[in-house]
Each structure stands twice: as C-alpha cells, then as structure tokens.
**Q** 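Below is the structure I would like to discuss, written out as structure tokens.
The shown structure was predicted, so the numbers you read here are calculated from the model rather than taken from an experiment.
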Protein chains: 2
Amino acid sequence: VSAAKGGLDDIRGELRQPDELFATMVATRAANVLRPTGALARLDNIAAWLAGWQRTNRPRVERPIALIFAADHGVAHAGVSAYPPEITASMLEAFRSGVSSINVMASTIGARVEAVDVGVGAPTADLRVAPAMDAARFATAVRAGRAAVASTDADLVVIGEMGIGNTTAAAAVCAALCGGDSADWVGRGTGVDEAGLARKIDAVDDARKRIRRVTDPVEVLRHVGGLELAAMAGAIAEARSRGLPVLLDGYVTAAAALPLAMVNADALAHCMAGHRSAEPGHRRVLQHLGLEPLLDLDLRLGEGSGAMAAVPLLQMACRLVTDVPTFDEWLGREA
Amino acid sequence: VSAAKGGLDDIRGELRQPDELFATMVATRAANVLRPTGALARLDNIAAWLAGWQRTNRPRVERPIALIFAADHGVAHAGVSAYPPEITASMLEAFRSGVSSINVMASTIGARVEAVDVGVGAPTADLRVAPAMDAARFATAVRAGRAAVASTDADLVVIGEMGIGNTTAAAAVCAALCGGDSADWVGRGTGVDEAGLARKIDAVDDARKRIRRVTDPVEVLRHVGGLELAAMAGAIAEARSRGLPVLLDGYVTAAAALPLAMVNADALAHCMAGHRSAEPGHRRVLQHLGLEPLLDLDLRLGEGSGAMAAVPLLQMACRLVTDVPTFDEWLGREA
C-alpha cells in the first residue's frame, strides 16, 4: 500500500469492481421467486449488491463484524462535548469487555465486534489551531484501519467509531468539503447544551479558516479529522481493494468516507448506509454521497450501532433470494 | 367473547392496560445504562413498551410468531389485481410448506409462521354490490382470528395477510372510515396496471356508495372488508385482551386495525407498525392511527414481511436495556 496521501492513494487509481454477473444472476432470480416482482425490491437490490461484491450467487451475511475505531481529540478540551475526554478510554474498555451497546446488539445476531485503538489517550492536536495529525500520524492511523480489515474473515464489515469530540471533527470535514454554513453541519452529538453547540460551531469555523487553502480531500481529513476518521477511511479503502461489502454507521463514519468519494466518485460503491442518525449533518452528507440509509430511527450513539441494527435486513435479503423457490421450482415441486 | 358486533364488543368496553410500573422500570434503566441518555431513544421506548405489555422488567422477543390470515375476495374477479384469485390458495400452500418469503424471513431470526385459512376458495361477496360478509360469517372469521392468538405462547405477534384483491377491500374500509377521494386510498397492490387501478378506484367508489348509511366502524369492516381483515381485527382484539404486543404489517393489516381504533381510540396501544409500505394508502392510514412505522423500505408484499423485517429491532431493543450495565454497575464491576 502506497504511503503517499497517507496510504489512500489506491482510491485515486482503478478500483476493484463487483462481479456484475453474480449481481445479475441474483437480481434475475429475485425477479422470479415466489412473490410479485419488485414487491421486496429494496431487499432484492441489497442481495444483488452483496452478490456482486462477494462474487457468488449465494450472498450471505453469516460472519459480520463491527470494527469500532476509537481515538481522542485535542478539540475535546474546548467544551464541544457533553462528556469529558476520558470517556473514550472507558468506552474502549467497555467494548473490549463485551458490555457496550454495540456488543449487545452484535450478540443478538451473532456478529462480532472488534474495537481498534488508534489514539485513545493520545489525542490529536486541536483542529482549531493546528493540523489534527501530521502526515506520519495520519498514515499510521490509515494503515491501522487497513490492517483491521485485512485481518478479518468477515463477509460484511460494519464501520463505526468512538471518540469524544469527534462530531466536531466530522462537521469540520463535511463543512470544509461540502461548503455551507458551519452551523448546518453541527449538531448536539451526545447531547451538548446551547453554549456547547455555539462552541462547536466556532470550532468548525476556526478550523475552516485555518485550512481555507487546503484543497485535497484527504489533506482536509488529516487537517480537521481525527485518528479514528483516518482509520475508517483506511478501512473503507481496504475493504474496497478486497471487494468486501461495508455498512457505514453514522455521521462521523460518513465524514470519514466523504474524502474518498470526493477523490473518486465511485469509491464507495461497496458501501451502504446502515441508518440516518439524529445528527442534522448526517442527512446532508448522505445526500452528498448519494447514499439512501436503510434505517431512520433518530439514533445517535455511534459505536456502529445504527449500522448493526440494519444487519438483519441484509441477512434476510440474502435468504429471500436464495431460499425462496422460483415459480418454476415451486411448480416443479408440485408436479 | 360476545357475539355482538362479530365478537369485537370487548373493544367497546374497558381495555386491558400495560403495567406502567414495568414500563417505567425499563425506561429508567435505559436512561442509566452505559450510553448517553436518549442516544437510542427509539429503541429504549420499544423496550419500555414491551415491558409494560409483557409485565416484566426483562422484556424479550424470543418466541415471535407471524399469524398470516388468508382468504379470497369476491371483488377479485373484477380485475382489481395483477394476479388471479387462485394465487391465494397457492400462497397458502407455500406458507404451509415453509417456502414463502415470510417463512424464509422468519427462519433467519428463529420466528414461527402460522398460516390461518379463514376463507381460501370460499370468497366473500363482491363488496361493490353486496355486504362482503353476513353477520355470521364475519363473526366466524373474527373468532378464528381470536383463536389463533389465544392458542399461541408467543411473546410477540406479527399480524399479516394474503388474499388476492384485498388491497381493494383495505382501500374501501379506509376510504369509508377516513373519508377523502377513493383514489387517495387506492394503490397498485401487487402491480396492477393503469386500467386495473381505475377499476380499483371504481370498485371502492361503488362500495362506498352502497354503504353510505353505515356508520359503525365494525359494520363497515363487515360490509367492505374481507374474511382475513375480520380475522386480523379479531386477532388484534384478542392480543389486547391478553396483553400481548403486536407488530402490524402493511396496508391491509392497518385497514383491519382501523375500525378498532375508530371504536376506541386506545384500542391499538398494544400495537406498533412494523413498516410503511409502498402503498400510498398505508401512509395515510398510519397517520390516522398515529402510528410511526419502524421501517420505510417501500416493501409491498404483505404476508407479514414488512413487520417481520422489523422484529430484530425489537429483539435488540430488549437486550440493549437488560444486558448493557448501568454506569453504576459498570463502575462497581471495575472497583
């Protein structure tokens, strides 16, 4: 993997594509199974999409894994969160102890959770006044994200995060790359009050002013993102290079994916949005990405939780094509 | 169960209520588990709702069952469906053989499916020109719905249906009870063409003219509904009398529930809407019922499929309250 642009250079080149033959096979079968054509179109399309990436006419989500990237943020000391920075480390421990919300959700459907520490207790610089990461640190985080995906045998990867202060970083990335008022990209995160919301907007404004001459989307991510955002970008890029389908979680995850899509409009073809969160910026960035979320339940936890809630839909979608007989199979059986 | 009003008279009386103590216990615990308060509010509310109806501080969806009521419709011969009436019987056989879409969805999450024949091959009268059911037939169907619920040991009941022509009956019930143009309540169902759509609208108009003096909502259901709609109304009423939570499927299911809510505004407190379907009338009737659906994926199969797709959210919601430690439990564990 190239170290240039922090190990994301492959996104600028030719990307691995799904096998359209398998996608078409599954779509064709879906149109002929024992139900009115198109009655479950949204699920049929998911099955065909999975078939293309998994390169099989029997797509499956039997080994889903949630990769939760955790890191701390210099800006967290600026009063932009309802919680103190130390919570990041506590939650990392909770993930590893198997007691957090994402662990419990995963266990109900037989999914695994892997928490990846890419900078807990070692915060980035304060994005208001300095690049959040230097090039080396950014590249290390990207490589950690790539490695987490490279070492899994999963058939679907849920990408999520934890990091006190990271909705501010997400807002800075999205505002810098998509434009508009900073206030449009800032929400209450875990529940910041009115004054905290104003501080978040100011922080994003400061960050944007600082990087107004930075044009490369990946450089924007390095300047105003965070270590877990860099790792998620790496994870998403690595999944693409391996043809592994990805389910994105919330606002911060989408913000990490956004620079890839700005570099190459096709970069997220292997990704679906698990849900649309309560953060107002998430709706906006999903529109920019052209991603239609599966769920819309006003969740705002992060940890991969919104995407994990959508995994059963993918599991069902696969079975709904492979396990329901076609009209011909059904009639043959009757004969 | 009273035979008056076809065995739905208990809805007119005092209804069984949830145990608010358990609902409050679960809501309180949800506010104190290891995540920002309200971050998963929609799921927490589901858990509290289940706790109230199940009368426990450990709500569970471990024995969900889909009850699929199937019947034929006299109006199906009027060219209102893309499929011939004989398909109802074929699908009933498919349900019982375990090969239909709802069976496959259920099997991926360990749910059961029971198909209940309340009039397959014995269609109702043509609702355009005569009462779909006489009082005795209506009462028999309601009782069959009640019996299906009474005989289950499920902890959640998914209510769904199958019946060629039944979106026309659903539209007639909704239009008669909610008002508005018939065209607003009529959709393409399983995929009827433009001419078929016009015939559906005409059929609903004819039915409404015929019953313009009928005011009792249950009588409207008897006049322009169908046997499976009557059975679903009975099933929903029986679930209420047993304090059993219900997940409603699509448009036809909502139409069957509507008369209960018109008789008693509180009658559906034990029901959630599993999804919002592609049928335009479904959105309208859910608004009338004040039900906010969990999923919105443009599904339009029926068979309980949209509600079954939402069951994992309920399963996760329970575990997210009972299995995630409170902050105190987590700190105590660390000490």
**Q** Under a 4.5 Å heavy-atom cut-off, does chain A meet the side chain of B:Leu40, its backbone, both or neither?
**A**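 B:Leu40 touches chain A through backbone and side-chain heavy atoms alike.
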**Q** Side chain to side chain contact (heavy atoms under 4.5 Å, CB included), that's the test. Do B:Val324 and A:Asn103 meet it? Break it down for me.
**A** CA-CA 9 Å; B:Val324 177; A:Asn103 299 109; over 6 Å; no
**Q** Sort out for me which of B:Leu297, B:Thr190, B:Asp323 touches chain A most, counting heavy-atom pairs under 4.5 Å.
**A**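 Highest number of pairs under 4.5 Å: B:Leu297.
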**Q** Using a 4.5 angstrom heavy-atom cutoff, name the option from B:Ala278, B:Gly38, B:Gly306, B:Ala41 with the most pairs to chain A.
**A**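 Option with the greatest count: B:Gly38.
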**Q** Taking all non-hydrogen atoms of both residues into account, name the closest pair between B:Arg319 and A:Thr108 and its distance.
**A**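 B:Arg319 and A:Thr108 have their closest heavy atoms at CG-CG2, 3.4 Å.
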**Q** Need one label for B:Ser305: side chain, backbone, both or neither, based on atoms under 4.5 Å from any heavy atom in chain A.
**A**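 The side chain, not the backbone.
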**Q** Check each atom of A:Leu295 against the heavy atoms of chain B and say whether the ones under 4.5 Å are side chain, backbone, both or neither.
**A**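 Interface part for A:Leu295: side chain.
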**Q** Determine, step by step, whether B:Asp296 and A:Asp296 satisfy the side chain to side chain contact (heavy atoms under 4.5 Å, CB included) criterion, reporting the C-alpha distance in whole Å, the side-chain angles of both residues, the deciding distance to 0.1 Å, and the verdict.
**A** CA-CA 8 Å; B:Asp296 189 2; A:Asp296 189 1; over 6 Å; no
**Q** Between A:Pro312, A:Gly189, A:Cys318, A:Ser107, which shows the greatest number of heavy-atom pairs under 4.5 Å with chain B?
**A**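 Most heavy-atom pairs within the cutoff with chain B belong to A:Pro312.
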**Q** To the nearest 0.5 Å, what is the distance between OG on B:Ser90 and CH2 on A:Trp330?
**A**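 These two atoms lie 8.0 Å from each other.
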**Q** Within a strict 4.5 Å, meaning less than it, do heavy atoms of the A:Val99 and B:Glu329 side chains meet?
**A**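 The answer is no, as the side chains (C-beta and beyond) never meet within the 4.5 Å cut-off.
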**Q** Can you establish whether the number of heavy atoms outside B:Arg283 located under 6.0 Å from its atom CZ is more than 12?
**A**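 No, not enclosed.
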**Q** Determine whether B:Arg42 and A:Asp298 satisfy the following criterion, side chain to side chain contact (heavy atoms under 4.5 Å, CB included), listing intermediate values before the conclusion.
**A** CA-CA 7 Å; B:Arg42 187 82 188 273; A:Asp298 283 333; 5.6 Å; no
**Q** Given side chain to side chain donor-acceptor pair (under 3.5 Å), test A:Ser101 with B:Arg35 step by step and report yes or no.
**A** CA-CA 7 Å; A:Ser101 299; B:Arg35 57 180 174 259; 3.0 Å; yes
**Q** Side chains of A:Met316 and B:Ile109, heavy atoms from C-beta outward: is any pair under 4.5 Å?
**A**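 Yes, close enough: below the 4.5 Å cut-off.
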**Q** Less than 4.5 Å to any heavy atom of chain A: does that hold for the side chain of B:Leu313, its backbone, both, or neither?
**A**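 The side chain, not the backbone.
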**Q** Quick one: of B:Pro325, B:Ala310, B:Ala317, B:Gly98, who has the most non-hydrogen atom pairs under 4.5 Å with chain A?
**A**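 The answer is B:Pro325.
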**Q** Is A:Ile87 close to chain B through its backbone or its side chain, or both, or neither, when contacts mean heavy atoms under 4.5 Å?
**A**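 Neither part.
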**Q** Is chain A contacted by the side chain of B:Ser100, its backbone, both, or neither, given a heavy-atom distance below 4.5 Å?
**A**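 Only the backbone of B:Ser100 comes within 4.5 Å of chain A.
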